[in-house]
Structure formats: C-alpha cells, structure tokens
Amino acid sequence: DNSLNGLPQDIRRIIPTPLLAARKFMLIEGGSVAYIGDFAIHTFNETASITVTLGTDDTYGSRLENYLVIAGGGAGGSTGGGGAGGYLTGTNLAITKGSHTVTVGTGGAPGGNSGSNSTLLEIVSTGGGGGANSNGGAASTGKNGGSGGGAAGPQGSDSGNGTAGTASPSGQGNNGGNSVAGTGHAYNGAGGGGAGAVGGNSSNRNTAGAGGAGLASDITGTSVTRAGGGGGGAYGFVPVNGAHGAAANGGSGGGGRGGANNFGQSVAPTQNTGSGGGGAGLTSVGSGYPTTNSYGADGVIIIKYRFQST
C-alpha cells in the first residue's frame, strides 16, 4: 500500500512524496515527536501505544537508531534518599510492525517506596530503590532497585551502620550510600544511587549523604542529564557538637534534596528524569517534615530512528 492513508499528518507534511511512495524508511506514530535532520525523535513521559510501519531499507527499515529507557525513581524515606530508576541506552534495536505498548515507570510514593519499571519492547529498566526509614533505634537498609536507596543511620547511642540498597540487576545504575554509627541524636540518611555514581555516605552523625550523580544523553540533539539519586535527610533535632544535622543535595540530573532544619522541607526531584526523592528529615524541634516532596520522579522513554534521507 503506497497511499498516504494511516500516516501521521506531521509526517505527511515533512516527507517528500517520492519517499512516501517508496516507503523506504520506517514510520512510528505516538508520543511527542521532534525532527532533527533525517531523524525522528519520540519522547514518552507516560505509558502510551505506538503504531509502527516498517520500511524496505535493510538497515533503517525496521530498527531504532537509538533508545533511552529510564524507570521511575525511588522515593526518599524518613532520612535515606531514593535511588534513581534504572538507566538503559543502546543502538540498533529491532522492532516489528503493528502496535506496541511503551510503558513508562512511575516514581515511588512518599515513605521510601520503590519506583516502577519502564519497558520498551524487550528492554526493561528497573524502578529505583526506596530510601530507608529510620523510626529511632537501629540503623536501616535502603531498598534495592535500578539504583539502590540510601541507608538510614541509628539513633542516639545505638550502634551499627545502615546498609545501602544495591543496584539490581547490575548495569542499570549504582548502589546507594551507607550510614554510620556514632553518638548523639543526629541519625542522618545516606544518598540514593544515581545512574552515574553511587550515593554519598553520611559522613558523620551530623551530615547526610548526597545523591549519586546522573548520566547525560544527547539522544534529543541536546545533552541532558537525568536519573540523579535523592539526597539524604537529617533527623538532627538535638545538636551534636553544637550543630543540628545537615541534609544533603540530590545528584545531578534532577535528584531531590533532603529535608532538615538547615534546608527546611525536602525539595522534589525533577519530573520525568527517573530521579530519586530526597529523605524527608526532621525539624529542629523534633517534628517530622511533610513527606509531600519526597516522592520519586516518573521515568521517560525516548526513541530515535531515520525517517528519510536528504
């Protein structure tokens, strides 16, 4: 069928008539579309259906040139930062004609919940691990995920180090940070892992760990960093060595900032980056900050393919 029936209106306006007749290159309908030279770039910020019309070209008729699949980020816990969603990118991904569902993972809900997976064909990115919750007493462990959630430290004279959530499966991100034991009442959280670096450890009982850095991609024609880990929050309402607990920033690429009396309420991650949420933290008088901003960011899927040759 060499007619224009069934092709997207924006494709019809851009592709020269001879190329339409030949159907040499693949066409895809769905998502938000931009065109750079001979390539079409589709961005999906939420789950959607796509329709694929294959071309006759042996190289470009049935393959995606590039793809980026980022899962939903983990939420920050009471102090532990959330891990970034799994980050997978590659080239020359085969695709078949017809309809396909592109699943974009959602960020974890406040309270240290993990994000959900993103799926493009057989490519599955794993949701980021939630940050650990510290309710006083013993240290607690971040959750595993695309990148692992940050640990939460112990309270007061309790001993033991909080253990980071791990990046599982491997190859999609990094571990969260560990928390350390000590004296005093400041039991701060570690940072969540980012796509480009592990989450920061809480350096002592006064300082939370920063979120791990994200990774940059130029699939859209501009370099953009995504999937940063969430910063650790501080439960430092009683001064230790004269200072309240200090929360930490999220990792580059949109990681949420942790909450504490030195920063105030946690700052939300950048949406549709798959970044982790910051640990909620506690105020200087011992009241918990709202967890409203500690959620994980939704993920994103971006595909790029050749649709013409000029």
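Heavy-atom basis, side chains included; hydrogens, waters and symmetry copies ignored.
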> Of all residues at least two apart in sequence or in a different chain, which pass the ring-ring contact (aromatic ring centres under 6.0 Å, His included) check with His100?
Replying inline: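 Once residues adjacent in sequence are excluded, His100 has no partner under the ring-ring contact (aromatic ring centres under 6.0 Å, His included) criterion.
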>> Looking at Asn92, is its backbone amide N or carbonyl O close enough to the side chain of Glu65 to form a donor-acceptor pair, meaning the two atoms are under 3.5 Å apart?
In response: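 Such a contact is absent between Glu65 side chain and Asn92 backbone.
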>> I'd like to know if the side chain of Gln265 and the backbone of Ala260 have a donor-acceptor N/O pair within less than 3.5 Å.
In response: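 Not at all, since once roles are kept as given, no pair shorter than 3.5 Å links the two residues.
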Got a sec, which residues hit side chain to side chain contact (heavy atoms under 4.5 Å, CB included) with [X], two or more places apart in sequence or on another chain?
X	answer
Ala268	Asn293, Tyr295
Thr101	Thr47, Thr103
Val102	Phe44, Ile50, Leu120, Ile301

To check you understand the geometry: which heavy-atom pair defines the closest contact between [X] and [Y], and what is its length?
X	Y	result
Gly129	Ser114	CA-OG, 3.6 Å
Pro269	Ala297	CG-N, 3.7 Å
Ala208	Ala248	O-CB, 3.7 Å

>> Quick one, Phe25 with Tyr305, criterion ring pair (Phe, Tyr, Trp, His ring centres under 6.0 Å). Give me CA distance, side-chain angles, the key distance, then yes/no.
In response: CA-CA 9 Å; Phe25 298 102; Tyr305 64 95; 9.8 Å; no
> Out of Asp57, Thr56, Leu54, which residue meets the side-chain contact (heavy atoms from CB on, under 4.5 Å) rule with Ser62?
Replying inline: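 Exactly one candidate clears the test, Leu54.
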[X]: which residues meet the side chain to side chain donor-acceptor pair (under 3.5 Å) condition with it, sequence neighbours left out?
X	value
Thr273	Ser275
Asn175	none
Thr166	Asn144
Thr106	Ser116

>> I need the full list of salt bridge (charged side-chain N to carboxylate O under 4.0 Å, His left out) pairs touching residues 33-56, with sequence neighbours left out, sorted by first then second residue.
In response: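 Those involving residues 33-56 are Asp38-Arg306.
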>> Filter on side chain to side chain donor-acceptor pair (under 3.5 Å), then keep only pairs touching residues 210-231, sequence neighbours left out; what's left?
In response: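 The answer is none; no pair qualifies.
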>> With ring pair (Phe, Tyr, Trp, His ring centres under 6.0 Å) as the rule and sequence neighbours excluded, what pairs involving residues 50-87 come up?
In response: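 Ring pair (Phe, Tyr, Trp, His ring centres under 6.0 Å) check on residues 50-87 returns no pairs.
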> Members other than Val198 in its cluster, when Ile, Leu, Val, Met, Phe, Trp, Tyr link by side-chain heavy atoms under 4.5 Å?
Replying inline: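 Joined to Val198, directly or through intermediates: none.
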